[in-house]
There are 2 protein chains.
Amino acid sequence: MRTTDHDHLPARGKAPMTDVAEADSPACTYELVRSVLDRVGDKWTVVIVCELGNGPRRFNELRRLASPITQRMLTVTLRGLERDGLVSRTVHPTVPPQVEYALTGVGRTLLTIVRDLADWTEANLDHIRTARAGYDRVQG
Amino acid sequence: MRTTDHDHLPARGKAPMTDVAEADSPACTYELVRSVLDRVGDKWTVVIVCELGNGPRRFNELRRLASPITQRMLTVTLRGLERDGLVSRTVHPTVPPQVEYALTGVGRTLLTIVRDLADWTEANLDHIRTARAGYDRVQG
DNA sequence: CAGTATCCAGACAGATACTG
DNA sequence: CAGTATCTGTCTGGATACTG
């Protein structure tokens, strides 16, 4: 399978073969950081990780919590996180089927990082907003 | 000017009118975090911020340091950072012109965040790589 | 040197319809 | 319920050529 590289489920275009490099060569630190940002920087990952931070959730439950996310993007995002071992996927063989997603241990440490990021944002939001407004006033 | 929304210099498509919201409503924390990730999550911002972390740099100097970046993307990235007050741009009116870019105070705190991110990545890289390989072995 | 201006391929993501 | 399959528009970013 997966010979034709179609569209359907985009196979996580992010970080395609940027096989994360070693950690100490001079410039590759950027590659390294980017590999996380590629993981975390897309539109929905942060939302999903934060929601799962409150406990395990099922598919449509997540769909509601992540408000205007589409089925497709939820699937794509969860697959990516699962692939990286950040969330676990547990299928309960009931009828109708139930699938439960939860943060793994590593996923939980990622949550910490995301929260640090949120803290930084809160602390510097006004400054950025002001700077942005000032810049836009001077420029077009 | 800037009535026709052409291509030329894309006017920072990121975080277009997602005017960063207040910091305490229940779900808007995501918007908040996303607003930083939009700022930091693009392909070059991290590289530029890290390089400027070593001191002020000039345009083509940065261009060399950020290896395969194009002129356009360097300009776009620097403009975005300047707009948000994270880097300063100083023109020395010499011939030929010299323009020096440097991190501002806030920009320097962003550098801290980026480094935290790098630390997390280093710490969890093996785990992610392994998980990814395992997942890919099972799936397509 | 330090940029602008265009063109364009390919990735990201929304809407919609269908399925075990 | 929990997805998969397509189609499609939009945005990102690379290549290239030109300028004060």
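For the numbers below, each heavy atom of this structure counts, side chains included, while hydrogens, waters and symmetry mates do not.
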(message) Suppose we screen for side chain to side chain contact (heavy atoms under 4.5 Å, CB included). Which residues come up paired with Thr130(A), at least two apart in sequence or across chains?
(response) none
(message) Categorize Arg63(A) for me: base, sugar-phosphate, or nothing, with a 4.0 angstrom heavy-atom threshold over every strand shown.
(response) nothing
(request) Nearest whole angstrom, please: distance from the P of dC1(C) to the CZ of Arg57(B). (result) 16 Å
(request) Measure from CG on Asp42(A) to C1' on dT12(D) and round the result to the nearest Å. (result) 15 Å
(request) Return yes if some donor-acceptor pair links the side-chain N/O of Glu82(B) with the main-chain N/O of Arg79(B) below 3.5 Å, else return no. (result) no
(message) Please pick, from dG20(C), dG3(C), dG14(C), the nucleotide with the shortest atom-to-atom distance to any side-chain atom of Arg79(B).
(response) dG3(C)
(message) Filter on side-chain hydrogen bond (donor to acceptor under 3.5 Å, both in side chains), then keep only pairs touching residues 93-111 of chain A, sequence neighbours left out; what's left?
(response) Arg89(A)-Tyr101(A), Thr109(A)-Trp120(B)
(request) Quick one: list whatever passes side chain to side chain donor-acceptor pair (under 3.5 Å) with Asp126(B), sequence neighbours left out. (result) Arg129(B)
(request) Send over the distance from Met73(B) CE to dA2(C) P, rounded to a whole Å. (result) 19 Å
(request) For the helix from dC1(C)-dG20(D) to dG20(C)-dC1(D), figure out the bend between the end axes, five pairs an end, and round to 10 degrees. (result) 50°
(request) Let me know the distance between CD of Glu61(A) and C1' of dG3(D), rounded to the nearest Å. (result) 16 Å
(request) Check every atom of dG3(D), dC1(C), dG3(C) against the side chain of Tyr101(B) and return the nucleotide holding the closest atom. (result) dG3(C)
(request) Record whether the side chain of Arg72(A) comes under 3.5 Å of the base of dA13(C) through a donor-acceptor pair of N or O atoms. (result) yes
(message) Taking the minimum atom-to-atom distance to the side chain of Gln71(B), which one of dC1(C), dG3(C), dC1(D) wins?
(response) dG3(C)
(message) Quick one: does any side-chain atom of Asp84(A) pair with a main-chain N or O of Leu86(A) as donor and acceptor, under 3.5 Å?
(response) no
(message) Please report the distance, rounded to the nearest Å, between NZ in Lys43(A) and C1' in dA15(C).
(response) 13 Å
(request) Just compare dG13(D), dT4(D), dA2(C) and give me whichever is closest to any side-chain atom of Thr75(A). (result) dT4(D)
(request) Rounded to the nearest angstrom, tell me the gap between atom CD1 in Ile69(A) and atom C1' in dG3(D). (result) 13 Å
(message) Measuring from the side chain of Thr70(B) (C-beta onward, heavy atoms only), which nucleotide among dA15(D), dC1(C), dA13(C) has the closest atom?
(response) dA15(D)
(message) Taking side chain to side chain contact (heavy atoms under 4.5 Å, CB included) as the definition, give me every residue that meets it alongside Ala118(B), ordered by chain and number, with sequence neighbours left out.
(response) Thr29(A), Val33(A)
(request) Rounded to the nearest angstrom, tell me the gap between atom CG in Leu78(A) and atom P in dA13(C). (result) 14 Å
(request) Would you kindly give the CZ-to-C1' distance between Phe59(B) and dT4(C), to the nearest whole Å? (result) 10 Å
(request) Identify, with sequence neighbours excluded, every residue that meets salt bridge (charged side-chain N to carboxylate O under 4.0 Å, His left out) alongside Asp119(B). (result) none
